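To find a chain, count down the sequence lines: A is the first, B the second, and so on, and within it residues start at 1. This one's a predicted model, so the numbers in the text were calculated from it and none came from an experiment.
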Amino acid sequence: MAKQYETVIGLEVHVELATKTKIFCSCSTEFGKAPNTHTCPVCTGMPGSLPVLNKQVVEYAMAIGLATNCEISKICKFDRKNYFYPDNPQNYQISQLYLPIARNGYVEIEAGGRKKKVRIHEMHMEEDAGKLIHDEWDDTSLVDYNRSGVPLVEIVSEPDMRSVDEVIAYLEKLRMIIQYLGASDCKLQEGSMRADVNLSVREAGTEEFGTRTEMKNLNSFKAIARAIEGERERQIELIEEGKAVVQETRRWDDNKESSHAMRSKEDAQDYRYFPEPDLVPIVISDEWIGQIRARQPELQTEKLERYKKEFDIPEYDAKIITGSKHMADIFEAASAICGKPKKVSNWLMVETLRLLKDQGMEPEEISFSPENLAKLVDLTESRAINSSVAKEVFEKIFAQDIDPEIYVEEHGLKTVNDEGALEEVIRKVIADNPKAAEDYHSGKEKALGALVGQTMKAMKGKADPGLVNRKLREMI
Amino acid sequence: MDITGLTAVELGKKIKAKEISAVDAVKASLDQIERVEKDVHSFVTIDWEGALKRAEEVQKRIDDGSLTGPLAGVPAAVKDNICTKDMLTTCSSRILENYKPTFTAEAVRNLEKAGAVIIGKTNMDEFAMGSTTETSYFGVTRNPWNLKHVPGGSSGGSCAAVAAQECPYALGSDTGGSIRQPSAFCGVVGIKPTYGTVSRYGLIAYGSSLDQIGPIAKDVTDCAAILTAIASHDPKDSTSIERKGYDFTSALINDAAGMRIGIPKDYFTEGLDAEVKEKILAAVRVLEERGAAVEEFDLSLVQYAIPAYYVIASAEASSNLSRFDGVKYGYRTEDYEGLHNMYKKTRSEGFGAEVKRRIMLGSFVLSSGYYDAYYLKALRTKALIKQAFDRAFDKYDVIIAPASPTTALKLGHSLSDPMKMYLGDIYTVSANLAGLPGISVPVGTDSKGLPIGMQIIGNCFEEKKIIRAAYTLEQTRTYERPKLVKDLAEMKRKEAENNGKAI
């Protein structure tokens, strides 16, 4: 019988923090600007420039540390990681090795119906590098330092994950926590969240870890899943062939769905870490930790419970809505305005999810305002518009965030509640359709439906169908 | 009027009194530079036109009353590792031979706010690595007291410029003695302030945890006035410390009554030149006569200061200098194949031997497997040295030491034996390791006519005590200047005669 293998996975997750300015200077962190426009002597490593730590970075890191059950270091320091590469203007990166800001934490994940803790070894703060652009045509490379000095935290897990599902659950959990804290938008595609996967395999039932490899360049959950499967197979194959797994860093190519070795342990660079002499140690008092803890927003699990209790939202719905901080924010804001959380939840759960799915969008991409959703709920509940009009209006809100009150007004979509006008139309409909009236009288209930339809058509859809039904019965 | 013979504060007073204009002052400096620079070579860059233009602007602000400080209108020189916007800042290195900073160092900005007119950038040991100003890519600076001797280093250009009266004062930087030792060799006064007193923003780093900018001038009064101008709490430098007061001139008191002076026995043993020792002990006796209580004591750990210093400074330097790679600015090799080769050739050609030696030393002590044995041990030694000084300052107000074991050595003497050169820093590096302020004051000359300097070290933030001691001492003797400056032509004629005889 073939041997059974267990995959052992640990992750190093880099997260770009959502500060307005960079970690060591006051340049903007804004993404996608013209090359080298958000730069200064500090983030381009000009001689004589000195770093000054952005306090917000420390506070975000503390918040993430606390939310992931880490111990916050009372004294933490920065260290220099020395290596030569043009995207790194000083040829050293300011990072933390000896005294990182947070250690010994965990997050709870749920995968395959099982709950489990993934331990966090440590989390540290560091600066991002610039971006190299290779011009193959001209055989030159250009550097854009806009990203140089953007603050990052690196969260290093213990090798506690055993499957793709657990890895994805862990990443989603981290993403959720960090988004809820407002510390980052955690977009894998844009690189504001990046994961390196450390993976080894071992025969099921054994204790000892196998030799691990590290995989880089994974920029989507799908790529991570494929890379893990691919690397697991590759390592098992080597072992089955009696060969050894080499400790190395591998680069995943998602187009080829395979990885190749970047550098082996022997070529591993000696980063010559040493304490950064240009920055003083950060002393973190219990008081400061207390302040950050007090400011900590409600996280997903707490929100979910509250939605169930406070708003009587079913577990399934509450999970979906709180599954995106953005959607939860819209839910709470719209509910607060219109006072009808269940109705708001319905719009999110049915129409919003449908449109997101149709258009292949993520909940983070919802662009309508809670105010307009709340107005729509009010318009529907007051029967000012009927439900089919409401759906039509919602599509406009979803697409362009229009003000439904103005839109309904401008397009004359309001339900007509003038009974006199309605009666007049009904009289005409009955007169024009004597056959249907006759059928109804002879007991064909269905015939009424046709008359309702005719009436609605004559009213251009703006009548309340219930009222039309009642009036027809009276008048026929 | 002998403008160049005046001290900075004297000149400032005359400018304020409208006896001399800022432009006259700059012209006098430039004239003197023209006379002596080809022999002394204190400068890497002289801003002939810019200096005059700035002097005119400063004079306008003096006239309209917006500049009133003691240094307003007084010319100054700046060591070439301190950034000056749009003015070459080379660190006396080929790798920065064409580098013009986009910003001005905070210390220089402070000087400019005080009305200083920067006339140029002074020569130094390449990246401040050296004690003789011989490692400069742009050629050696000579000691104005005797052109066959070195001016000391690494702020040799700044000290020689002041001694040769090319400018009334200059800024230097001190990582292991680079202000105090050349001040001693050139017979001028230099202060290395407490670490964190003068902003390092714009100082091109050598050993970041040890570097401090400080004043170099003809007398203690000038140094106190300049330090008052340049010291500040700078939020751009995280190691800058907010101090209670920044006026150091209030310490210019001619009295040593009640002052407790400690003399570390270990500093006055073998290795110290007899003439240097004699003159320093004589100066100590002067202070004793002026009311100070003098006592010898064991400082301990003295022999560990040099190795600890060279490990820490080189380690930091190896990282600090890695940004000079030919990618963004400065020198880039002409022919190369690919990135790695460009790095390698640029740095091989761009750095001199001493800089390479320290980069290699620093890289070695930080490499994995050696970090604990060298770098961490050096950090522990640094902490112990600080403790030894803390204990000493429980008992003494100031500590007196030589600034150097000898007077200025002959040109070429040190380069052949770097170890010997390193050991010459024995009396100065401890103040950097412990972050302490130190001042070097002239206490006479040796039998060869070369100046002898004495160092007064104070506890952290106690610049005022060392200034007071130095000032009291200075008041007992007249300022000596190198005869050479006036008699350069004469000296050269004699030299030629001697050479003629030899033939």
Side-chain angles (χ1 to χ4, degrees), chain A residues 23-26 36 39-55 77-95 97-98 130 132 134 139-145 148 265 268-282, chain B residues 81-83 89 91 96 99 101-106 127 196 199-205 207-211 234-241 312 315-316 318-330 339-340 342-344 347 362-371 375-376 379:
Chain A
I23 183 167
F24 298 124
C25 62
S26 52
N36 295 309
T39 55
C40 74
V42 176
C43 57
T44 52
M46 299 307 267
S49 67
L50 293 171
V52 176
L53 179 60
N54 181 343
K55 191 178 171 190
K77 276 188 185 173
F78 282 96
D79 301 292
R80 285 192 193 170
K81 180 181 182 179
N82 294 285
Y83 66 94
F84 276 79
Y85 203 63
D87 65 2
N88 173 6
Q90 311 159 108
N91 288 321
Y92 58 79
Q93 180 196 29
I94 304 179
S95 180
L97 176 72
Y98 297 108
L132 277 189
H134 302 283
D139 194 26
T140 53
S141 297
L142 302 165
V143 204
D144 175 8
Y145 290 120
S148 169
K265 191 191 174 194
Q269 275 176 300
D270 181 353
Y271 291 119
R272 292 177 284 115
Y273 276 100
F274 76 106
E276 166 55 88
D278 288 332
L279 291 166
V280 290
I282 309 155
Chain B
N81 60 349
I82 302 172
C83 290
T89 299
C91 288
L96 285 178
Y99 179 64
T102 58
F103 64 96
T104 295
E106 189 68 10
F127 283 102
S199 170
R200 291 188 297 114
Y201 195 82
L203 170 65
I204 301 180
S208 312
S209 69
L210 310 165
D211 295 340
D234 182 6
K236 295 189 297 304
D237 173 2
S238 308
T239 62
S240 168
I241 295 163
I312 292 168
E316 291 178 1
S318 72
S319 173
N320 285 333
L321 269 60
S322 58
R323 73 186 64 201
F324 307 110
D325 58 4
V327 172
K328 303 163 293 279
Y329 46 77
L339 178 67
H340 188 78
M342 191 280 281
Y343 280 154
K344 203 170 154 182
R347 288 168 64 84
S363 302
F364 174 76
V365 299
L366 290 177
S367 39
S368 108
Y370 298 98
Y371 180 83
Y375 187 75
L376 266 193
L379 283 189

Would a 4.5 Å heavy-atom cut-off, applied to side chains only, mark B/Ser318 and A/Tyr92 as touching? no
Side chain, backbone, both or neither: which part of [X] has an atom under 4.5 Å from a heavy atom of chain A?
X: B/Tyr370; answer: neither
X: B/Asn320; answer: both
X: B/Ser363; answer: both
X: B/Tyr201; answer: both

Kindly give the heavy-atom pair with the smallest separation between [X] and [Y], and that separation in Å.
X: A/Pro47; Y: B/Phe103; value: O-CZ, 3.6 Å
X: B/Ser208; Y: A/Asp278; value: CB-OD1, 3.3 Å
X: A/Pro41; Y: B/Thr102; value: CG-OG1, 4.0 Å
X: B/Asp237; Y: A/Val52; value: N-CG2, 4.4 Å
X: B/Glu316; Y: A/Arg80; value: O-NH1, 4.2 Å
X: A/Tyr273; Y: B/Leu366; value: O-CD2, 4.4 Å

Donor-acceptor under 3.5 Å ([X] side chain, [Y] main chain):
X: A/Asn82; Y: B/Ser319; result: no
X: B/Arg323; Y: A/Met46; result: yes
X: B/Ser322; Y: A/Gln90; result: yes
X: B/Lys328; Y: A/Thr44; result: no

**Evaluation steps, side chain to side chain contact (heavy atoms under 4.5 Å, CB included), between B/Leu339 and A/Tyr85** = CA-CA 9 Å; B/Leu339 178 67; A/Tyr85 203 63; 4.2 Å; yes
Could you tell me the separation between the [atom1] atom of [X] and the [atom2] atom of [Y], rounded to the nearest 0.5 Å?
X: B/Ile312; Y: A/Phe274; atom1: CD1; atom2: CZ; result: 11.0 Å
X: B/Ser367; Y: A/Asp270; atom1: OG; atom2: CG; result: 5.5 Å
X: A/Asn91; Y: B/Arg347; atom1: CG; atom2: CZ; result: 7.5 Å
X: A/Ser49; Y: B/Leu203; atom1: OG; atom2: CG; result: 11.5 Å

Would you say B/Lys236 has more than 12 foreign heavy atoms packed within less than 6.0 Å of its NZ? yes
task: Fit a plane to each ring of A/Tyr98 and B/Tyr371, take the angle between them on a 0 to 90° scale, and name the class: parallel (under 30°), tilted (30 to 60°) or perpendicular (over 60°).
output: parallel
Applying a strict 4.5 Å limit to non-hydrogen atoms, the region of A/Phe24 in contact with chain B is neither
